[in-house]
Each structure stands twice: as structure tokens, then as C-alpha cells.
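In what follows, a single structure is set out as C-alpha cells and then discussed.
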Amino acid sequence: MRRLCSAYRGIEPGTVQCLRVPPPPADTLDRVTPDELSSAIRACLEAAVAAGELTVSVPDEIRVERPRQREHGDWSTNIALQLAKPAGRPPRAVAELLSARLVDLPGVKSVDIAGPGFLNIVVDTASAAELVRTIVGAGTAYGQNQQLAGTVLNLEFVSANPTGPLHIGHTRWAALGDALARVLTASGAQVTREYYVNDAGAQMDRFGGSILARLRGTDIPEGGYHGEYVAELAAKVREQRPDVDDLPEAEALIVAREVGYAIQLAENRQTLSNFGVEFDVWFSERTLHESGAVEQAVARLREQGHVDDRDGAVWLRTTDFGDDKDRVLIKADGEKTYFAADAAYWLSVRDRGFPKKIYMLGADHHGYVQRLKAIAACAGDDPETSIEVLIGQLVSVGGARLSKRAGNIIELKDLVDWLGADAVRYSLARYPADSPLTLDGEVLQKKTNDNPVFYVQYAHARLCSLANQAREHGVDRSVFEPSLLDHVTENALIAALAQFPAIVAQSAELREPHRVARHLEVVAGAFHKWYDECRVTPRGDDPVEDVHRTRLWLAEASRQVLANGLNLLGVGAPERM
RNA sequence: GCGCUCGUAGCUCAGCGGAUAGAGCAACAGACUUCUAAUCUGUCGGUCGCAGGUUCAAAUCCUGCCGGGCGCACCA
């Protein structure tokens with residue numbers, strides 16, 4: 001398919017590690033986190049079922065949440081409400097069964113049944129705080145999980161045409177897609193970031209024609225590109241090929257197209273790289289045509305019985321698999337369509353060993369979803385499992401839509417120059433892809449604190465500074481006494497840190513990296529409040545005590561979580577600001 | 001016309017089956033001799049587009065309507 005003005009995004013080098021410490025068995029809890037409570041509740045449920053006290057199938061997921069109201073305990077679950085009906089018991093009765101077992105767990109201080117049947121759990125301070133040591137020990141690995149272990153997938157994003165610069169529309173996918181790749185990787189998936197380059201077909205000729213027109217001072221051809229960048233490309237083409245002016249029209253056109261293409265692609269690649277986005281594979285559409293892969297694909301699909309010859313054209317019967325209408329593979333004039341290349345591309349993805357491909361497309365391409373799935377179905381693959389299409393709303397700026405052919409586009413390059421890659425990446429990665437997003441060009445240029453990236457980065461920088469201060473004043477981590485972390489702000493901060501791995505796993509599963517950003521804001525907020533209330537370095541000449549040493553552990557754990565989270569978003573974690 | 005998608009505070013947006021709907025910005029009032037005030041505390045601000053339905057429980061799921069965006073080529 002051809003991507004005109006939508007954008008995708010890319011992935012980034014920075015790698016995220018994947019490794020995870022398995023939670024201890026429920027009966028040997030030495031620290032208590034929501035993940036572990038979830039497992040423990042499952043064990044309690046299974047025990048209740050085994051004891052014949054309850055007859056239900058234990059659900060796959062038992063959600064343990066941090067309640068909004070502090071009075072509702074450290075963690076709560078609505079599992080009793082959910083199981084009431086299938087178990088044929090009143091919710092409070094189910095809750096009581098669970099409650100009786102949960103209170104006996106080490107680290108659990110109390111369990112209350114509230115309202116219609118919520119279980120509100122209060123955790124022993126030291127058991128909750130024990131997590132801090134775990135985080136510091138895990139370092140950059142904290143947050144990694146094996147939720148998607150064994151998953152191999154090909155993630156395609158950005159894939160902007162090489163006929164012009166990357167603009168703000170592509171930027172959203174670049175930021176989100178790369179973050180998604182990192183989050184997936186952190187959850188154990190094996191991800192290949194791929195960029196499909198539409199470098200074949202009439203659009204490329206129009207591109208070449210537009211450059212040539214600039215070179216010769218003639219009118220831009222119908223359907224050509226008018227942006228000022230075309231003139232700049234023309235100048236660069238002339239620089240590389242001074243002979244272009246003397247060549248006959250047909251040859252000059254090819255030179256303009258090919259040299260312009262090379263320049264533009266290299267530039268876009270550099271722009272993405274500067275944005276922190278690196279692709280593993282740059283897949284050229286041309287290679288599909290040149291290698292005969294397109295013909296082979298048509299033949300292969302024909303063998304599988306899904307190709308018809310009608311009206312002089314060759315059709316793929318995509319309507320067999322939910323598409324609105326059949327699609328032409330080879331036109332009556334013998335020309336292969338983009339759709340044919342798309343089909344060949346899918347087969348290439350399969351042949352290269354990917355059982356699954358995720359496409360990130362702009363809303364202007366949602367019409368492609370059915371036919372992409374139909375291709376897979378025609379090829380004998382199960383579209384439900386092998387193809388996943390994430391549709392994102394287009395970003396608009398000041399109400400104006402962006403078109404590559406109109407002049408006034410905001411380029412990714414310029415955005416980064418104004419705000420820095422971190423601010424741009426973060427401000428795009430903190431919204432779900434399907435959220436309609438309106439960026440105000442005025443605000444964007446202002447570099448105000450509107451942007452929460454500063455809030456999160458500042459928390460990290462503040463923690464680094466705090467650690468330096470602590471060291472200078474003789475506070476070290478020679479002692480860790482978790483029961484001393486008993487301030488309300490410490491309870492809240494530790495809870496936020498404890499949720500991080502589950503947030504990462506959830507972001508990966510739902511393909512919603514923005515959840516990481518939102519949670520980092522929670523962590524940063526909890527930290528700033530803690531900072532305001534609890535000191536790591538003693539005031540004045542006050543002696544250094546174990547509480548200070550222990551708090552330094554919490555500071556390091558907090559810093560680690562912020563750094564790990566920012567890394568998942570491809571955003572820097574500055575040591576000072 | 002058909003299809004997809006979105007509609008939450010003045011603005012930009014979270015939340016997407018649970019307990020009094022949240023944040024930032026904006027507005028107003030406070031907190032810096034002490035680890036970075038890019039911070040913190042408080043106040044103000046909402047018929048979660050409208051109407052039905054499912055449920056013990058709906059902003060969240062279903063249906064219809066209204067409104068915005070996008071898509072419906074032997075184009076790329």
C-alpha cells in the first residue's frame with residue numbers, strides 16, 4: 001500500500017533488557033508487590049476450590065490495584081465481586097473465604113472486606129519496602145518481564161515515502177512505534193523494526209519530474225510535489241550530477257529521480273536516527289519487482305486458488321475474506337499494482353520467518369486493514385493471529401491538516417530543533433495512538449513547562465543531585481532497614497515503583513506504550529512529594545542515621561525506575577538540568 | 001450512502017466494568033537561611049455528546065441518534 005501522509009514510527013537502538021526475577025511462591029513472601037499479591041490470591045483461590053469451599057474456574061487475570069482512597073488499604077481487588085456470580089455465592093461470602101487465607105500470608109498485615117465485596121489489603125511496611133532492595137539489585141533489568149517470551153514479530157512503522165521530508169504526521173509514529181518496540185522487547189518479545197520504502201511506481205516518477213522541473217524552471221507536473229524542499233533537492237542533484245542539465249529529458253528524469261531519491265532517503269534516515277529511531281530493516285519495494293517476487297507472489301496466490309482473470313486484469317478474491325471488493329493485482333495494461341507489491345511483501349515477511357506482523361498506520365489508511373488481512377488469508381495464514389493493524393489518529397497542528405504537497409509542513413527536523421528530541425518524543429509518546437491529538441504550534445515553540453517530560457526528567461536529575469549531596473555528607477547504602485520507610489509518601493512512592501513491571505507488561509500486551517509515560521508521571525509525582533517530606537541527607541550537623549541510609553536506597557530505586565522508564569520511551573534521563 | 005474512528009473540567013488529554021471521575025495548563029491563594037521551587041500545598045472548575053438497553057455495579061459493554069476526523073480506484 002502506499003502511504004501518502006500518514007506516519008509510522010521507528011524503533012530505537014537503546015535496547016531494553018529482558019529478564020525477570022520470578023516472584024517467590026505465595027507461601028514464602030518476603031516482600032509484597034501487586035504482582036505477588038495477585039499470584040498469592042490465585043493460590044488462595046485454588047486452595048479454596050481444592051478444599052471444596054468454592055466451585056469456580058480461577059480467572060486468568062486477577063487484578064490488584066492501588067485504591068484511590070488511602071483508607072482503602074495499600075492494594076485492593078474486586079475478584080470476589082467478579083467470582084460471585086459464577087460461584088453462585090454472595091460476593092461477601094467469596095471475599096471472606098479469600099480474606100481468611102490472605103491474612104495468614106507473611107507480609108500481609110490486614111485484609112478488610114469493604115462495600116459490596118472489595119478486598120482491601122494492608123501490607124506490612126517492611127515487606128513492602130523490601131522491594132526497594134530488589135529494584136536496586138535488578139538495576140536496568142527492573143521492569144523487564146517475560147509476558148511475551150517466545151513471541152517473534154515484525155513491527156512496521158513510519159514507512160514514509162522517500163519523496164519528501166518527514167513531517168509531524170510521521171513523528172507520532174516514530175515516537176510511539178519505537179517506544180512500542182522497546183516495550184515489547186522488554187516484555188520478552190523478539191522484535192524486528194522494519195521500514196517499507198515505497199520506491200517504485202508512478203509516484204517516484206512524479207517526484208523525479210518535480211525535481212527536474214525545478215532544475216529546468218518549468219512547471220511542476222500534474223500531481224507533483226510543490227514543497228520548497230524540492231528546489232533544495234534539485235540544487236543538490238545538480239551538485240552531484242552537473243551533467244544533468246545537458247542530458248536529454250528522459251535521462252535527466254531518471255537522474256533527477258534516482259539521485260533525489262538517494263538524497264531524500266538518506267536524509268530521512270538521518271533525521272530518524274537523530275530522533276533516536278533506528279530500523280533493523282529498510283525494505284525496498286523495488287526489490288520485489290526487480291527480483292520477480294511480485295510475479296511469483298501472483299503465481300503463488302493463483303495456485304492457492306484465490307486469483308481470477310476478469311476484464312483483462314488479474315484479481316485477488318479478497319472478498320472471500322471480508323474485504324469490500326476484490327483487488328486488482330495486475331491491471332489490464334499489464335502493470336502491477338501496489339497491491340500486488342503488498343501481497344509479495346507479505347509473503348516476504350512470512351518467508352523471512354515472521355509469524356506475525358504489526359502495522360502501524362494512520363487513520364487515513366484504515367481502509368487497508370481488510371485487504372491486508374485478506375492477503376494473509378489468501379496466502380493460507382490466519383489473519384487474526386498473523387496480522388495486527390494499529391490505527392492511529394492523525395496529528396493536527398493548529399487545525400491545519402498536513403499534506404506533503406502543500407507547502408506549509410512542519411518537518412520532524414524542525415520540531416527537534418525547536419524542542420529537542422526528548423520533548424518531542426515524550427510529548428507524542430504519552431498519548432495513545434488512537435487519541436486525536438492537536439498540537440498547538442505556538443505552545444510547541446514556547447518550550448514551557450507544559451510538557452511533562454520536564455517534570456519526569458527533573459525528578460531524575462533531582463535524584464542524581466540528591467545522591468551526590470548524600471555522598472558528600474557521608475550518607476551511604478551500608479544499611480537497609482525497610483521498616484524505616486514508613487512515611488505516607490514512602491508508602492505511595494514504593495507502591496508506584498512496585499507497579500512498574502506490570503505497567504510495562506500491560507503496555508506491551510495492549511500495544512500502548514503511553515501507559516509507561518503516564519506511570520512515570522505518577523512515579524515522579526510520588527517522588528517529588530516524598531522529597532518534600534523526607535530528607536536523605538541530614539540537616540546541618542545532625543548525625544547520619546540508618547533512616548538516611550535506607551532512604552538513599554529508596555532514592556536509588558526511584559532513580560532506577562525513572563531511568564528505565566524513560567529508556568523505554570527513548571527519552572534521555574539527564575543527571576542535571 | 002456505506003465503513004472506520006473520536007466526542008470526559010475553559011484548553012490539551014488520562015481513565016475504558018467497580019468504591020466520592022483524574023492530571024497538566026489556565027485562574028486564584030500559600031510554601032524557598034536547610035538534599036535543584038523545572039518542586040510542593042490548597043481553592044476554583046464536569047448533565048463523562050444525547051437517548052435507550054445489559055449488569056449487583058456503566059465514562060467504560062450493546063443499540064440508535066447528533067457532532068468532528070478519515071476512508072470507500074484496473075491512483076499512488
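Fair warning: this is a prediction, and the values are worked out from it, not measured in the lab. Order of the sequence lines sets the chain letters (A, B, ...), proteins ahead of strands, with each chain counted from 1.
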Who does [N] pair with, Watson-Crick or G-U, both distances under 3.5 Å?
N: B:C61; result: B:G53
N: B:G17; result: none
N: B:U41; result: B:A29

Where the side chain of [X] is concerned, which of [options] is the nearest nucleotide?
X: A:V328; options: B:C74, B:A37, B:C40; result: B:C74
X: A:Y431; options: B:C74, B:C13, B:G18; result: B:C13
X: A:K325; options: B:A37, B:C72, B:G18; result: B:C72
X: A:R68; options: B:A21, B:U36, B:C16; result: B:A21
X: A:E71; options: B:U20, B:C35, B:C74; result: B:U20
X: A:R515; options: B:G15, B:C74, B:C35; result: B:G15

Is it true that a side-chain atom of [X] and a backbone atom of [Y] form a donor plus acceptor pair closer than 3.5 Å?
X: A:S435; Y: A:Y431; value: no
X: A:E258; Y: A:I254; value: no
X: A:N268; Y: A:G164; value: yes

Interatomic distance, [X] [atom1] vs [N] [atom2] [rounded to whole Å]:
X: A:D364; N: B:G71; atom1: CG; atom2: C1'; value: 8 Å
X: A:M577; N: B:A37; atom1: CE; atom2: P; value: 13 Å
X: A:L552; N: B:C35; atom1: CG; atom2: P; value: 16 Å
X: A:I113; N: B:A19; atom1: CD1; atom2: P; value: 19 Å
X: A:L83; N: B:U55; atom1: CG; atom2: P; value: 19 Å
X: A:R63; N: B:G15; atom1: CZ; atom2: P; value: 12 Å
X: A:I330; N: B:C74; atom1: CD1; atom2: P; value: 15 Å
X: A:Q82; N: B:A57; atom1: CD; atom2: P; value: 15 Å

With [atom1] as the reference atom in both, quote the distance from [N] to [M] in angstrom, rounded to an integer.
N: B:U55; M: B:U47; atom1: C1'; result: 22 Å
N: B:G46; M: B:A29; atom1: C1'; result: 23 Å
N: B:U60; M: B:G53; atom1: C1'; result: 15 Å
N: B:U34; M: B:C28; atom1: P; result: 27 Å
N: B:G15; M: B:A9; atom1: C1'; result: 14 Å
N: B:A21; M: B:G49; atom1: P; result: 15 Å
N: B:C72; M: B:C65; atom1: C1'; result: 23 Å
N: B:G22; M: B:G45; atom1: P; result: 15 Å

Tell me what [X] touches on the nucleic acid: a base, only sugar-phosphate, or nothing, going by heavy atoms under 4.0 Å.
X: A:R535; answer: base
X: A:T337; answer: nothing
X: A:A470; answer: nothing
X: A:Y455; answer: sugar-phosphate
X: A:E65; answer: nothing
X: A:A467; answer: nothing
X: A:C464; answer: nothing
X: A:H514; answer: sugar-phosphate
X: A:D333; answer: nothing
X: A:D542; answer: nothing

Original post:
Of A:T77 and A:P432, whose nearest nucleotide on RNA chain B comes first from the 5' end?
Top reply: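 Final value for this comparison: A:P432.
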Original post:
Closer to the 5' end of RNA chain B via nearest nucleotide, is it A:K85 or A:P116?
Top reply: A:P116
Distance, nearest 0.5 Å, that separates [atom1] of [X] from [atom2] of [Y]:
X: A:W315; Y: A:D326; atom1: CH2; atom2: CG; value: 7.0 Å
X: A:L493; Y: A:L485; atom1: CG; atom2: CG; value: 9.0 Å
X: A:I375; Y: A:Y368; atom1: CD1; atom2: OH; value: 11.0 Å

Original post:
When you check the glycosidic angle of B:C44, does it come out syn, meaning within 90° of 0, or anti?
Top reply: anti
Which pairs, protein N/O on one side and nucleotides 3-7 of chain B N/O on the other, fall under 3.5 Å?
residue: B:G3; atom: N2; partner: A:H366; partner atom: NE2; Å: 2.4
residue: B:U5; atom: O2'; partner: A:Q393; partner atom: NE2; Å: 2.4

Subject >> Neighbour count >12 (heavy atoms, 6.0 Å) for atom CD, A:E575 >> reply: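 Counting other residues, nucleotides and ligands, CD of A:E575 stays at 12 neighbours or fewer.
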**OP:** Run the ring-centre check on A:F283 versus A:Y345 and record whether the distance is less than 6.0 Å.
**Re:**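 Yes; A:Y345 has its ring centre under 6.0 Å from that of A:F283.
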Original post:
For the residue pair A:H306 and A:F321, is the inter-centroid distance of their aromatic rings smaller than 6.0 Å?
Top reply: yes
Original post:
What residues in residues 86-99 of chain A put a non-hydrogen atom under 4.0 Å from any atom of RNA chain B?
Top reply: none
Please evaluate the base of [N] for a donor-acceptor partner in the side chain of [X] within a cut-off of under 3.5 Å?
X: A:Y368; N: B:A76; result: yes
X: A:Q69; N: B:U20; result: yes
X: A:D532; N: B:A37; result: no
X: A:R539; N: B:U34; result: yes

**OP:** Could you tell me which residues satisfy salt bridge (charged side-chain N to carboxylate O under 4.0 Å, His left out) with A:E509, sequence neighbours excluded, listed by chain and number?
**Re:** none
**OP:** Could you label the plane-to-plane angle of the A:Y458 and A:H528 rings as parallel, tilted or perpendicular, counting under 30° as parallel and over 60° as perpendicular?
**Re:**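 Ring orientation of A:Y458 relative to A:H528: parallel.
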**OP:** Begin with the C-alpha distance, continue with both residues' side-chain angles, and end with the deciding distance and a verdict on salt bridge (Lys or Arg N to Asp or Glu O under 4.0 Å) for A:R471 and A:D476.
**Re:** CA-CA 6 Å; A:R471 192 184 328 109; A:D476 58 30; over 6 Å; no
Subject >> Short side-chain N/O contact to B:C35 OP1/OP2 from A:T537, under 4.0 Å >> reply: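 It does not, given that no N or O in the side chain of A:T537 lies less than 4.0 Å from OP1 or OP2 of B:C35.
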**OP:** Any chance you could lay out the side-chain contact (heavy atoms from CB on, under 4.5 Å) test for A:V94 and A:L81, step after step, and finish with the verdict?
**Re:** CA-CA 8 Å; A:V94 178; A:L81 275 326; over 6 Å; no
Subject >> Heavy-atom closest pair, residues A:V544 and A:H473 >> reply: CG2-O, 3.6 Å
